[in-house]
A.B. asks: 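Input: one structure, supplied below.
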Amino acid sequence: MTERDGRLGLTLLGGYLGAGKTTWARHQIHAGAFGPGLHVIVNEAAETPVDDVLLGREGQGLTLLAGGCCCCAARQGLVAALRVLCDRPSRDGGAGSLRHVLLETSGLADPAAILGAIRDDPVLVHHLRVRETVVLVDALHAPAQLVHEPLGRRQIASADRLILTKADRADAAGLARLRATLALLNPHAPLSAARLGEEHPLAPEALADALPLELPPLPEEDGRGPILPARVAIPNGLDWASFAVWLSALLHARGDDLVRVKGVVRTPGGRLLLQAVRKVVQPPELLPDRPGEAADNQLVFIGRGCGAEDLARSMRHFLDLPAEPAPC
C-alpha cells in the first residue's frame with residue numbers, strides 16, 4: 001500500500017547471479033505478497049533480457065531496464081523510470097492505483113549504490129520510501145562467491161532481510177557454515193529460506209558449533225577482470241542433442257568463469273527457458289507459445305573472459321555449422 005505520508009513504497013530485490021530472484025519474485029507476486037497496485041521494474045545487465053518475459057506473465061505493470069546495471073551504467077535510466085512512476089496521477093489510493101514498486105536488480109548490482117541514487121535524487125527522496133532490501137543467497141554457490149567476490153559480500157551487508165535459496169540441496173555442514181558466515185557479515189538481517197519461491201523450513205543445525213567460512217580480504221575491484229554479458233544467437237533447426245552436449249562441455253570447462261547462462265530457445269517441443277548457474281544446469285521450463293518473441297533463440301552468458309564471438313565460434317565449430325557471414 002501507499003505509505004501513510006503519501007510516498008510510494010519500494011522493495012529492492014537483490015542477490016548474486018543465479019540466486020533465484022525471478023523465481024522468488026514470481027511466486028511472491030502470484031501469492032499477493034506485495035498487495036494490489038504493484039509495478040515491477042526489472043533490471044538486466046544484458047542487452048537481451050529474459051526475466052521480463054517471465055514476470056510480465058503475472059499481469060502487473062512492468063518496466064524493463066536492460067543493457068547495464070542500475071547501480072552504475074543504467075543508474076540514470078532507473079532514476080528516470082522511478083520519477084515517471086512517482087508522477088503518475090493514479091496514486092490516490094483508489095482501485096487500480098499505483099501503491100508499490102518491486103525493483104528486481106541485476107545480479108551484478110550493488111544495492112547500496114541504488115539506495116544512494118534514490119537518496120541523492122531531489123525528487124525521489126521525497127516521493128519514495130524504501131520498505132526493505134531483500135537479498136537472496138544461493139546456498140550452493142555462495143560459499144565460493146563469498147571467498148572470491150567482493151560484490152557478493154556487499155550485497156549481503158546491505159540486506160534488511162536475507163533469504164537462502166537451494167538450501168534443500170546443500171549439505172547440512174556446509175549450510176551451517178554458510179549461515180554462520182551470513183550472521184557474521186550481517187548480524188541484523190533475519191534469515192529464512194525458500195525453495196522455488198515458496199517458504200522452506202531451515203533445519204535447526206547446531207549453529208553454535210559451526211565456524212564461519214574463512215573470508216580473505218579482497219580488493220574493492222576484482223583483479224580478474226569485470227563480469228560482462230555476452231549474447232549468442234541460436235540458429236534455427238540445429239541438432240538439440242548436440243547442442244546440449246556442447247553447452248554441458250562448455251560449462252564443465254568454463255563454469256567458474258561463466259557464472260550465469262539464461263535464454264529462451266525454440267525447440268520442436270516448444271519454447272524452453274534454459275538456465276545455468278556456473279556448472280549447474282537447471283531443468284528447462286516450458287513457456288507459453290508467443291510467436292515472434294524478440295528474445296527467443298538467444299542465450300545470454302554472463303562471466304569473465306567469454307566474448308560473444310568466441311562463444312558463437314565454439315558452438316558452430318562443435319555443431320559443424322557454417323560460420324556466420326561477416327558484417328557488411
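No hydrogens, no waters, no symmetry mates; every other heavy atom, side chains included, goes into these values.
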A.B. asks: Using the ring of each side chain (for Trp, its six-membered ring), is W246 parallel, tilted or perpendicular to F243, with breaks at 30° and 60°?
C.D. replies: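 Rings of W246 and F243: tilted, as their planes differ by 30° to 60°.
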A.B. asks: Are the side chain of Q155 and the backbone of A112 linked by a donor-acceptor contact shorter than 3.5 Å?
C.D. replies: no
A.B. asks: Given the rule that I, L, V, M, F, W and Y join up when any side-chain heavy atoms are under 4.5 Å apart, are L65 and L124 in one cluster?
C.D. replies: yes
A.B. asks: Can a salt bridge be assigned to the pair R195 and D168 using a cut-off of 4.0 Å between side-chain N and carboxylate O?
C.D. replies: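 Between D168 and R195 there is a salt bridge, with a charged N closer than 4.0 Å to a carboxylate O.
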A.B. asks: Under a 4.0 Å N-O cut-off, is there an ion pair linking R271 with D289?
C.D. replies: no
A.B. asks: For the residue pair P36 and R99, establish whether any side-chain heavy-atom pair is separated by less than 4.5 Å.
C.D. replies: yes
A.B. asks: Report yes or no: does H127 contribute a side-chain atom to a donor-acceptor pair with the main-chain N or O of V123 at less than 3.5 Å?
C.D. replies: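 At least one qualifying donor-acceptor pair exists.
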A.B. asks: Do E285 and R26 meet the salt-bridge criterion of a basic N to acidic O distance under 4.0 Å?
C.D. replies: yes
A.B. asks: Which is it for K166 and R169 under the side chain to side chain contact (heavy atoms under 4.5 Å, CB included) test, yes or no, and what are the steps along the way?
C.D. replies: CA-CA 5 Å; K166 310 172 191 175; R169 296 157 57 189; 4.0 Å; yes
A.B. asks: Above 12 or not: heavy atoms from other molecules or residues under 6.0 Å from CD of E132?
C.D. replies: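 Counting neighbours around CD of E132, more than 12 heavy atoms of other residues, nucleotides or ligands fall under 6.0 Å, so yes.
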A.B. asks: Heavy atoms, side chains only, cut-off 4.5 Å: are L85 and H39 in contact?
C.D. replies: yes
A.B. asks: For K21, is there an ion pair with D138 - N to carboxylate O distance below 4.0 angstrom?
C.D. replies: no
A.B. asks: What residues form a side chain to side chain donor-acceptor pair (under 3.5 Å) with R153, not counting sequence neighbours?
C.D. replies: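 Not a single residue meets the side chain to side chain donor-acceptor pair (under 3.5 Å) criterion with R153.
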A.B. asks: Can you give me the closest heavy-atom contact between M315 and A233, atom names plus distance?
C.D. replies: CE-O, 3.6 Å
A.B. asks: Indicate yes or no: at least one non-hydrogen side-chain atom of L12 is less than 4.5 angstrom from one of V134.
C.D. replies: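 The answer is no, as the side chains (C-beta and beyond) never meet within the 4.5 Å cut-off.
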A.B. asks: Would you check if the side chain of S314 reaches a backbone N or O of D310 as a donor-acceptor pair within less than 3.5 Å?
C.D. replies: no
A.B. asks: Do any N or O atoms from the side chain of D239 and from the backbone of L319 form a donor-acceptor pair under 3.5 angstrom?
C.D. replies: no
A.B. asks: Test of understanding: with side chain to side chain donor-acceptor pair (under 3.5 Å), list the residues that count as partners of R119, not counting sequence neighbours.
C.D. replies: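 Once residues adjacent in sequence are excluded, R119 has no partner under the side chain to side chain donor-acceptor pair (under 3.5 Å) criterion.
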A.B. asks: Side chain of N297, backbone of V265: donor and acceptor closer than 3.5 Å?
C.D. replies: no
A.B. asks: Give a yes or no on whether the backbone of G303 and the side-chain of D257 come within a donor-acceptor separation of less than 3.5 Å.
C.D. replies: no
A.B. asks: If you measure from CG on L202 to CG on L175, what distance do you get to the nearest 0.5 Å?
C.D. replies: 6.5 Å
A.B. asks: Ion pair present between D160 and R131, side-chain N to carboxylate O less than 4.0 angstrom?
C.D. replies: no
A.B. asks: Compare every heavy atom of L151 with every heavy atom of A109, then report the nearest pair and how far apart it is.
C.D. replies: O-CD1, 3.7 Å
A.B. asks: Determine whether I114 and C70 make a side-chain contact, defined as any pair of heavy atoms from C-beta on separated by less than 4.5 Å.
C.D. replies: yes
A.B. asks: Strictly by modelled atom types, are T22 and E104 linked by a side-chain donor-acceptor pair under 3.5 Å?
C.D. replies: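 There is such a pair between these side chains.
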